[in-house]
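We name chains A, B, ... by the order of the sequence lines, and we start the count at 1 in each one.
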There are 2 protein chains.
Amino acid sequence: MIHINKVGDLTGVTVRTLRYYDKIGLLKPASKTEGGHRLYTNEDIKKLQQIQFLKKIGFPLHEIKNMLTSSEWDWSESLKSQLSFVLKEQENLKKIELSLRELIHGIALEGEENWVAIQKTMQLSSKDKEMKQLYRESVFKPREIKLWKKVPNMTSDSPDSLEWIALIGQLKRYMMEGPKAPKVQNIIRRMDEKRLEEFEGEDEFLEKLWKIRMSPKQSEKLSLYPIDQNVLEFMEQAYAFFLAEKNNPQAE
Amino acid sequence: MIHINKVGDLTGVTVRTLRYYDKIGLLKPASKTEGGHRLYTNEDIKKLQQIQFLKKIGFPLHEIKNMLTSSEWDWSESLKSQLSFVLKEQENLKKIELSLRELIHGIALEGEENWVAIQKTMQLSSKDKEMKQLYRESVFKPREIKLWKKVPNMTSDSPDSLEWIALIGQLKRYMMEGPKAPKVQNIIRRMDEKRLEEFEGEDEFLEKLWKIRMSPKQSEKLSLYPIDQNVLEFMEQAYAFFLAEKNNPQAE
DNA sequence: TATATAAAATGACGTAACGTAAGCTTCAAG
DNA sequence: CTTGAAGCTTACGTTACGTCATTTTATATA
């Protein structure tokens, strides 16, 4: 016969919990002292461990009670339904994770102080994702759909996407220095390097992508994070200058 | 000025919820009629949509309230901590998923009627998984560790593992017909085919595995689902008979 | 054996985010 | 002016306990 706090020590559950389980009839102690103190047996401990396990895998107490009392319980049934529930929960959390990453990257781009990023993402997220997939397929060729995966997007945590976000963020910061500023040109050079690494020879695709980028509405349809028009234009100027310099190095 | 049930139609939240948000000060309607009916503006609707989004990604209402009121809120901070929380939750659900699969497969093996499978798995799950990894590394060679992944286990949902479980389950059902029964021999043949497909030429490894299998204690240490001793022995007999038949087809 | 003290018992309130029901009041149409 | 629909407030129920507050029992010491 084991006292209540000893049971707690053995299994890690609190005294309060044991009293609660007693009250709801989930685990009644085998006996009591004449004064009313609860006394548990080894059997009770085993049952408690089963309860703990079933609770851990997500069953509510009232269902655990049924499971352990009714001998005719359809274990297979409830385990499978619990499994499908768990799978759904995981999908859901995956979506939440993507939204969070989008927001975090958005703030990295826009800076924390202004609400714009948050607003944009919250609007984006409220729309239908599947629609976008369909639209995407209508605009690009099948082969280009594969390339699409390499386009940096706000939900990815790949190093590549992160660097793109960082580069664009820096570009915004240095915009007031003009497109020819060395800092800006360094960023553009790095972008060009990455472009070559990832999209070498895919000029047609890049051309299409850039046109879409220049139209905020189309960008949004494709769930591209809407980059400010003036940033895009600035980028185009800086890139033009970069190309000119490259072809004619010593000129000034 | 929009009436409360219209707001519900527009955003999908219930009237009760809107009244609740009013009460806790999360979303107060811009004005009220003299009779006390709530009137919302377009601004309110926008705010409500933000609330919905933040709720969807897992923030509690009181935190959302802070986020939307205090202008100095550290968005980056709370988004990141929420992200890490979500990641932890996903890990947790993954573990739960594995436990559930283990139980479901256990029942497929032992049959629903007897508690044995459930008991066994519940005991297995309560122990430390990392310990097992270490033990495994001490028993097998590095090269064999890779092979280990192909050993059917109770938590996998790969077709291969499922078939092994099904085969062993059937074997148990036909045990009373003796090791020479055609049904039993068919199962053994299928097992042999699979063995060849997956472990061809790895005789040393299989030998080791089999020895461990014959010892319930060692099996458990490696988190192998403990198969009953008599089933294993029966399997050995049936397999011996199978080999004999194969080498000497027409004898009887 | 009386008493001090630890530990146990019961009862009640609080939690998060609403759902649901009861009973009363306001709004808008006819 | 009536009437039915919709709105209002109040309050209890939900999950699985945590956290008091108060009282009673068990046990060790004087």
Sequence neighbours excluded, the answer for side-chain contact (heavy atoms from CB on, under 4.5 Å) partners of D9(B) is none

With five pairs defining each end axis, the helix from dT1(C)-dA30(D) to dG30(C)-dC1(D) comes out bent, to 10°, by 30°

side-chain contact (heavy atoms from CB on, under 4.5 Å) filter on M214(A), not counting sequence neighbours, yields W210(A), Q229(A), L232(A), E233(A), E236(A)

In short, salt bridge (Lys or Arg N to Asp or Glu O under 4.0 Å) pairs touching residues 78-93 of chain B with sequence neighbours left out are none

**OP:** Give one of base, sugar-phosphate or nothing for I24(B), where a contact means two heavy atoms less than 4.0 Å apart.
**Re:** nothing

Residue set satisfying side-chain hydrogen bond (donor to acceptor under 3.5 Å, both in side chains) with T17(A), at least two apart, ordered chain then number -> T14(A)

inquiry  = What contact category does R19(A) fall into here, base, sugar-phosphate, or nothing, at under 4.0 angstrom with non-hydrogen atoms?
reply    = base

For residues 22-36 of chain A, the salt bridge (Lys or Arg N to Asp or Glu O under 4.0 Å) pairs (sequence neighbours left out) are D22(A)-K28(A), D22(A)-R38(A)

Taken to the nearest whole Å, CD1/I2(A) to P/dA7(C) is 18 Å

Quiz: residues 60-69 of chain B side-chain donor-acceptor pairs under 3.5 angstrom, not counting sequence neighbours:
from   : atom 1 : to     : atom 2 : distance (Å)
K65(B) : NZ     : I24(B) : O      : 3.1
T69(B) : OG1    : K65(B) : O      : 2.7
T69(B) : OG1    : N66(B) : O      : 3.4

5'-most to 3'-most nt of DNA chain D touching chain A (<4.0 Å, heavy-atom partner on protein side) reads dA16(D) to dA26(D)

With sequence neighbours left out, the residues meeting side-chain contact (heavy atoms from CB on, under 4.5 Å) with V231(B) are K172(B), M175(B), I227(B), D228(B)

Hits for side-chain contact (heavy atoms from CB on, under 4.5 Å) against S81(A), two or more places apart or cross-chain, chain-then-number order -> none

For nucleotides 18-28 of chain C, 5' to 3', base contacts (B), sugar-phosphate-only contacts (S) and non-contacts (-) with protein non-hydrogen atoms under 4.0 Å give BBB-----SSS

State whether the side chain of Q82(A) and the backbone N or O of I57(A) hold a donor-acceptor pair below 3.5 Å, judged by distance alone.
yes

F59(B) CZ to dA16(C) P, in whole Å, measures 16 Å

The side-chain hydrogen bond (donor to acceptor under 3.5 Å, both in side chains) partners of K94(A) (sequence neighbours excluded) come to E97(A)

